[in-house]
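As structure tokens, the structure follows; a few thoughts come after it.
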Amino acid sequence: MTGWRPSPRPLLGAFGLAALGDLAALLAGSDTAHAVFKPLLMPLLAAYVLARRGPRLLLAALLLGWGGDTLLLLDTDPAFLAGMGSFAAGHVCYLVLFRRYGRMGRYGAALVAAYALALAGTVTLLWPDLPADLRGPVAGYSLLLTAMAVGAAALGVTAAAGGALFLLSDTLIATGVADWPQLPRPDLAVMLTYIAAQYLLARGVLAAHQRIGTGTAVSSAESATTTPSAITSPRAGT
């Protein structure tokens with residue numbers, strides 16, 4: 001007799017409702033509602049992954065994202081650095097998963113070069129405007145985040161899109177930290193891209209995990225290239 005597991009569909013629905021609630025809170029300018037909904041996002045997505053019998057490292061990546069989300073709500077410098085560390089650890093989990101389940105296609109070298117160029121250009125442009133005490137941590141985090149985005153492409157289009165959106169989300173944050181001119185409602189754009197990124201990464205890993213479990217490896221033809229996006233900072237407390 002097997003142990004009881006919750007149904008994945010209601011958990012995914014709950015994650016979607018929490019995401020809509022958080023985005024609505026940002027639109028309404030409600031910090032209280034945002035502080036309620038934001039910490040629910042990654043635990044609900046992790047519960048969905050658990051119900052789908054996903055790999056433990058994917059659960060760890062999502063829960064480390066939850067740690068970062070929660071810490072950054074505190075809006076203090078120590079919490080910001082701790083949150084950055086939590087997200088960085090999550091990216092390491094993703095990198096291990098990508099190496100385990102995928103392989104780069106024939107455009108892998110070109111993808112690495114494109115992301116490396118985007119990383120160097122963006123960090124160079126932002127460097128003078130970043131606070132001096134954040135330049136080193138931002139540069140180190142950016143390198144790890146770039147590696148994660150490149151590695152995501154080894155699992156195919158879905159995960160590659162998730163990696164690219166994670167980069168975009170953190171780039172929007174970095175421009176705010178550097179006090180660059182912002183788009184209307186930057187907090188909404190940051191959370192929208194972040195939520196989509198984590199969902200797409202989870203979906204991509206789950207699909208690869210299922211293929212491996214059924215004896216079907218991710219082929220190079222399924223690996224995808226993405227348009228490189230600018231890379232920079234850790235997730236701010238939006």
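Interatomic distance, Leu119 CG to Ser142 OG, rounded to the nearest 0.5 Å: 6.0 Å. Between His91 atom NE2 and Leu143 atom CG the span is 11.5 Å, to the nearest 0.5 Å. Distance CG/Leu12 to CG/Leu45: 8.0 Å, rounded to 0.5 Å. For the atom pair CD1 of Ile173 and CG of Leu168, the computed distance is 10.0 Å after rounding to the nearest 0.5 Å. Distance CZ/Phe37 to CG/Leu40: 7.5 Å, rounded to 0.5 Å. To the nearest 0.5 angstrom, Asp69 atom CG is 5.0 Å from Lys38 atom NZ.
Closest of all the heavy-atom pairs between Ala189 and Leu172 is CB-CD1, 3.8 Å. Nearest heavy-atom pair across Pro128 and Thr124 is CD-O, 3.4 Å. When all heavy atoms of Thr175 and Leu126 are compared, the pair lying nearest together is CA-CD2, 4.3 Å. When every heavy atom of Pro131 is checked against every heavy atom of Val177, the shortest pair comes out as CD-CG1, 3.8 Å. What you find for Cys93 and Ala60 is that their closest heavy atoms are SG-CB, 4.0 Å. Among all heavy-atom pairs drawn from Ala51 and Leu11, the shortest one is CB-CD1, 3.9 Å.
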Derivation of the salt bridge (charged side-chain N to carboxylate O under 4.0 Å, His left out) call for Arg135 and Asp133: CA-CA 6 Å; Arg135 288 172 180 167; Asp133 60 337; over 6 Å; no
Begin with the C-alpha distance, continue with both residues' side-chain angles, and end with the deciding distance and a verdict on side chain to side chain contact (heavy atoms under 4.5 Å, CB included) for Phe98 and Val205. CA-CA 8 Å; Phe98 301 153; Val205 172; 4.0 Å; yes
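Surrounding CG of Leu20 are more than 12 heavy atoms belonging to other residues, nucleotides or ligands, all under 6.0 Å away. By the neighbour-count criterion of 12 heavy atoms within 6.0 Å, atom CZ of Arg99 is sparsely surrounded, having that number or fewer from other residues, nucleotides or ligands. Summarising the local packing, CG of Asp31 is surrounded by 12 or fewer heavy atoms from other residues, nucleotides or ligands at distances under 6.0 Å.
In this structure, Leu201 and Tyr94 have side chains that are in contact, with non-hydrogen atoms separated by less than 4.5 Å. Using a 4.5 Å heavy-atom cutoff, the side chains of Leu167 and Tyr115 are in contact. With a 4.5 Å cut-off on side-chain heavy atoms, Arg100 and Leu57 count as touching. Taking 4.5 Å as the limit, some side-chain heavy atom of Phe166 sits within range of a side-chain heavy atom of Gln198. In this structure, Met191 and Leu41 have side chains that are in contact, with non-hydrogen atoms separated by less than 4.5 Å.
No hydrogens or angles considered: nothing links the side chains of Asp170 and Tyr194 as a donor-acceptor pair under 3.5 Å.
Cluster annotation: Leu206 and Leu200 are assigned to the same hydrophobic cluster (Ile/Leu/Val/Met/Phe/Trp/Tyr, side-chain heavy-atom contacts under 4.5 Å, transitive). Hydrophobic clustering (ILVMFWY, side-chain heavy atoms < 4.5 Å, transitive): Leu134 and Leu71 are in distinct clusters. Under the 4.5 Å side-chain heavy-atom criterion for Ile, Leu, Val, Met, Phe, Trp and Tyr, Leu188 and Trp180 are members of the same hydrophobic cluster. Residue Leu63 is not grouped with residue Leu95 when hydrophobic side chains (ILVMFWY) are merged at heavy-atom distances under 4.5 angstrom, including chains of intermediate members. By the rule that hydrophobic residues join a cluster once side-chain heavy atoms approach within less than 4.5 Å of another member, Ile195 and Leu27 end up as members of one cluster.
Ser7 places no side-chain N or O within donor-acceptor distance of the main-chain N or O of Pro10, the cut-off being under 3.5 Å. At least one donor-acceptor pair under 3.5 Å links the side chain of Ser86 to the backbone N or O of Leu64.
With respect to Tyr101, the side chain to side chain donor-acceptor pair (under 3.5 Å) criterion is satisfied by exactly one of His209, Gln210, Arg211: His209.
Ring geometry, Tyr199 versus Phe15: the interplanar angle falls under 30°, so the pair is classed parallel (tilted spans 30 to 60°).
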